[in-house]
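Every number for a ligand or one of its atoms is a count from 1 in the order of the listing. Remember, it's a predicted structure, so these values are computed and weren't measured experimentally.
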Amino acid sequence: MKYQSTRGGSIVSASQAIVKGLAPDGGLYVPASIPVIDDLMALCNLSYQERAVQVLSRFLTDFTAEEVKKCVQSAYTAEKFGSEAIAPLHKLDDYAQVLELWHGPTCAFKDMALQILPHLLITSMRKNGITEEVTILVATSGDTGKAALEGFKDVTGTRIIVFFPENGVSRMQRLQMVTQEGKNVGVAAVRGNFDDAQNGVKSIFTDDSFNRELKERGYVLSSANSINWGRLVPQIVYYLSAWATMVKNGEITPDEKINVTVPTGNFGNILAAYYAGKMGMPLGKLICASNANDVLTDFIHTGEYNRNRAFHLTMSPSMDILISSNLERFLYDMEGQDAESVSAYMQSLKESGKYQIRQETFVKMQDCLWAGSCDDTETLAVIRDTKDKYGYVVDTHTAVALGVYEKYKKVTGDTSKTVIASTASPYKFGKSVLAALGGNTETDDFSMLQEIKEKSGFAIPVSLWELQNKEERFKTVCAPDEMREAVRKML
Ligand SMILES: *Cc1c(COP(=O)(O)O)cnc(C)c1O
């Protein structure tokens with residue numbers, strides 16, 4: 001299977017798409033067509049790992065069967081994800097099934113992709129004759145950095161260095177990073193905000209002489225960016241897997257359409273659900289849920305994408321985004337793979353911060369998507385109501401999804417079975433969750449963990465609880481212009 005850029009140029013293999021990340025013309029790599037699984041029912045009796053092999057091997061066609069299997073087995077173990085289910089379903093009522101994507105090492109859904117990406121990346125590099133050690137550089141505002149550290153930790157042939165803004169992450173997030181274990185990891189705080197750290201990393205990536213120096217020492221830089229195809233394709237697996245589990249358990253009949261609701265930021269997770277539909281999963285509506293940063297909601301209602309608006313800091317920070325990069329892949333498909341229109345939209349976005357899609361495309365989009373948003377006040381109410389009604393505690397991002405799903409049901413009357421993507425453990429955003437449930441938010445982080453346990457009944461994730469006893473390994477604090485030197489030292 002060949003991959004092409006959403007802006008028209010560049011035909012590459014799957015492994016090349018993963019190595020390159022972004023296409024040279026600035027577009028994103030997409031497969032020439034989405035493969036259909038003819039015998040979906042065969043997935044029902046497979047394990048999560050076996051389902052993942054079935055899905056991934058159809059996209060990663062220049063990987064051998066053995067290579068795909070090895071990548072999957074290294075990533076999705078019961079040890080790392082708490083059970084063989086990997087991404088278990090929790091039935092809320094006759095309509096809604098919550099797909100818990102947060103049982104991985106860092107308690108958030110980024111693990112679903114970042115646990116396997118290092119293996120896909122290393123396999124892809126070796127396949128393309130790249131023999132240097134891959135050095136992943138990440139600037140993080142919190143969760144992605146930790147998920148990347150856990151994913152790359154002790155993976156042979158890789159190094160990972162994470163920069164976080166000194167005063168721009170929570171105490172818990174900082175502790176998670178500076179106590180990181182592993183022989184190939186490095187972490188440094190940057191004096192400044194997230195943009196300073198991000199710009200520092202970008203300038204290192206584009207510094208030719210520094211890159212030459214690293215190459216001579218046997219290193220090549222790469223990123224674990226969310227637009228990499230290697231992060232998207234593993235996300236398709238859990239939707240097909242959820243469908244197969246529901247069929248197997250008699251919750252749905254094999255040809256019964258299901259809806260999927262996704263709390264959306266960069267549009268990666270919801271795009272994976274769309275692709276699962278194209279692979280054959282009977283899909284009704286895709287329900288796109290946003291917080292107060294509701295640029296996608298407006299886009300789906302009007303056909304105009306307009307990022308010229310206030311940016312809100314919300315209690316679902318992983319969705320505080322005004323430019324959803326992966327939307328470009330969706331548009332490409334909606335436009336019948338017309339790279340010219342996509343390029344024109346993206347050019348307009350760059351120049352004026354907005355674009356209007358064609359009427360035909362708008363109609364097509366409305367047919368498969370529904371959108372809504374929840375602000376912070378509504379989010380807190382959803383957390384409280386979900387606990388009262390079902391005895392089930394959700395995090396702030398999942399609450400946005402549940403709140404928008406309730407609006408959807410009210411407006412449309414559609415009672416089809418619906419999968420709700422749950423993207424973080426309530427422990428991960430404990431303070432807001434406790435505030436919603438009337439708990440004490442003035443105590444220390446670890447007392448809060450204990451209180452969430454009492455309220456939710458979920459076991460405290462060992463990885464969070466043990467932070468109080470862990471040694472702080474990484475003490476480097478550097479200025480943005482000292483980041484190169486920090487990289488040199490850590491390598
Ligand atoms: C990243 C993230 C999201 C947004 O997912 P996208 O794929 O960027 O749309 C939602 N919730 C949580 C907890 C996340 O970490």
With the threshold set at under 4.0 angstrom, would you say A108 reaches ligand 1 through any of its heavy atoms? no
Determine, using heavy atoms of D143 and all atoms of ligand 1, whether some pair is separated by less than 4.0 Å. no
When rounded to the nearest 0.5 Å, the distance separating OG1 of T423 from NZ of K110 is 7.5 Å
Check the orientation of Y305 and F299. Use parallel for under 30°, tilted for 30 to 60°, and perpendicular for over 60°. perpendicular
Over 60° means perpendicular and under 30° means parallel, so tell me whether Y345 and Y355 are parallel, tilted or perpendicular. parallel
With heavy-atom distances below 4.0 Å as the criterion, list the atoms of ligand 1 near F109. 1 (C), 2 (C), 3 (C), 5 (O), 7 (O), 14 (C)
Which atoms of ligand 1 have any heavy atom of P263 under 4.0 Å away? 4 (C), 10 (C)
Looking at [atom], what's its closest protein heavy atom, distance included?
atom                    : result
atom 6 (P) of ligand 1  : N266 N, 3.5 Å
atom 15 (O) of ligand 1 : K110 NZ, 2.6 Å
atom 12 (C) of ligand 1 : T423 OG1, 3.4 Å

Do [X] and ligand 1 have an N or O pair less than 3.5 Å apart?
X    : answer
I321 : no
T264 : no
G265 : yes
G268 : yes
H397 : no
D395 : no

Going by distance alone, is a donor N or O of one side chain under 3.5 Å from an acceptor N or O of the other, for Y95 and D414? no
Does the gap between the ring centers of W370 and Y408 come in under 6.0 Å? yes
